[in-house]
Structures are given as C-alpha cells and as structure tokens.
Amino acid sequence: MAEAPDIQKEENTDGTIEKMMQMKPFRHFDSHGHAGLEKEGIADRPGCIDFWCGNSVVARTMMGARAMLGDPNPFSVITKAEECPELSAAVFVKSMDEANIEGMCLQSIHGVTDPFPGYPDGWKWYVPNEYTKKAFIDAYPGRFTAVGGVHARYGAEAAVEMVISAHECGFPGIKFHTATAGYPNQKEMYPAYEKLVELGMHAQFHTGCEELPGTRTKYQNPEHLDDVGMDFPDLKILQLHCGIFNNMEMGLWNVMKHENMYTDIVIPVPTLMRFRQYFDMEHIRFLEFFMPDKVFYGTDYPMTLPFYKAMLDNIMLMPISQEFKHKLTGDNFRKFVNWESKE
Ligand SMILES: [Zn+2]
C-alpha cells in the first residue's frame, strides 16, 4: 500500500512564533445601535431628547451612560438639550475600537404612537435617514451601515416613500418600530413590504417590550410577525429582541418556522432587561443548536455604553463553540447585509 503524502508536515514548516504572528483578532459586528441621541442638534430630532431628559424609565436607564460621558451628577433629572451629555459619532467609534468591533448597523427611526393623555397626536420619534448617513456613514467610512425608519401612520403611499428614501441613502433595509407604529401585519404596510422585495432590501421589526412614551405592548408580540413571514416569503426579516419579556417562545418559533426570519440577542433599553439574553446559557445554547446561522449580536448602543466591551467579553468567554461565537458576533450579520469590509 502506497504511503499517503505527508501534507501535515509540509504545512507545519513555520515555527510557533511565525504562526502566532499570523493570528489576527476576530473583528466583531454590532447589528443594532441607535443614531440620534448625540448632543449636537438633538432638539431637532423629535423624541431623542426624551431618552436623556425627564424622570422616566428610559431617562433613568441612561444615567449610566451619562456617568461614562462625564456627567458629575448623573442621577439628577435633566430637562434641557444643553444638559445632555457630550455624545457624538466619535464616541461611538471609540467604543467600537475598544471592543474590537468593525462595524455597527444604526437604526434610523420613524415612529408615531397612538394618542394618549398629554399627546393627542401621539409621541413622535424621528431620526432622519439623511442624518444617520451624513453624521455616521459618510463621516466614518467602513464603520457604519443603517436601516431607515418606516411606518404607515400617514398612509400606505407614505410608507412606500419611506422605503424609497432608505434605498436612496444606500441602506440595506428598513426598521418598523412596532412599539410606536402599530401591528407589523397591518395591511397599510403591505405595499411597503412589496417595495422592499422589489428593491432587494430587508425589514427589521421591533418585538418584545418597550418603555418609551406612548408605546403599546400588544403591537410588539412576535405572533403578529408570523403573518408577514407567511405573506412575504421572499422578504428577509430580522425580528429584533426576539420577543423578550413579551413572548420569547414565539420569537424563537418564528425563526425556526420561517426560512426568511432571523433574530438577535439585543435587549431593549431598561437595565433590568439586560440579563436574560446575554447571560442565560440555556438560551444561548438553544440558539447555537437550532439557529446558529440566523442569530445576530447587537447592543442597542448607546444605551449599553457603560458595559459595551464587557458584554462582548462575556459572550466570548462562554462555553459555546468558537465557530458559533464568530457567527453570532460578526459573520452572520455581515452575510445578512452583504457587508464588504474596507479593512
Ligand atoms: Zn434599539
């Protein structure tokens, strides 16, 4: 019997030092951050100031970020734009560099809630696509991508226009913020979904809970997303937050049932909600076993600014396979949006 060629030997000609020098640290990708809360011009972006100002759940959640950004009295209630911390796009990049994160997908938001006491026209949250493009994507090439805000509060035609706006900004997809904008399976949104399929764009939907003013929990149940998955099999859908604190089982089921549905481990804002998805080994192992190619790492930055690097370090130290860690914290999302590294 002929001896097999000793390939192993040939490949192993380098010494230990040379091999170590070839190792590059894995570059992660953050699938979910929020533009708009930067100090400059914050009062011109409806709703953004409410993240920092007033005595609300979300403003209290942001006190850790205020401390990190140099506020000497981060537990005080602030009320004015001038009092907002010095957050800027440069701060995003600094945090990303420290955590070895190559890129971040930013959420441009368009949302109007149902009317509620004190807000007869609903609470508005608006981070224009053009703002995200100019302040982040164009200012830091190779570090950011984004999705554009879409809702149908102003009718089906306006929703299609919002999709076109996101496309014109070069974004790979859109975000529908159910918490403000209503049920994702409302028929007024269907022409917008058709447009997305036509343009080869994906759709991101908030699921789970949300404590922003005027938001209603019923809209955020992942059960309603099943209809969109059924009716638009060619639309790639990212189910944000996997229905946490609302209907996580259904969130997981959606991804298992629908070929076109993906999810993430992003926790919505309040600090108390942070624990489940990042630190629950049972949950992470379930994802690794059932949907290793369909789940993304994201952070809701700057909400998570105080522990941005620690969150990622925790995942990288978990007893899960190295292959899944790389898929989860970078490669899955890069593939999802056809990201081209500029590095
Ligand atoms: Zn978010």
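Read the numbers this way: they start at 1 and go in the same order the structure lists the ligands and their atoms. In what follows, every heavy atom counts, from backbone to side chain, and hydrogens, waters and symmetry copies are set aside.
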Quiz item: Listed by chain and number, what are the side chain to side chain donor-acceptor pair (under 3.5 Å) partners of N55, not counting sequence neighbours?
Solution: R60
Quiz item: the Zn ion (ligand 1) to H32: any N/O/S contact under 2.8 Å?
Solution: yes
Quiz item: Could R334 and F26 be counted as a cation-pi pair, given that NZ or CZ must be under 6.0 Å from the ring centre and within 45° of the axis?
Solution: yes
Quiz item: Has H34 got an N/O/S atom less than 2.8 Å from the Zn ion (ligand 1)?
Solution: yes
Self-check item: Residue D300 atom name (nearest to the Zn ion (ligand 1); N/O/S)
Solution: OD1
Quiz item: Do we get K187 above Y190's six-membered ring, with its NZ or CZ under 6.0 Å from the centre and within 45° of the axis?
Solution: yes
Quiz item: Among all residues two or more places apart in sequence or in another chain, which pass the side chain to side chain donor-acceptor pair (under 3.5 Å) test with K325?
Solution: none
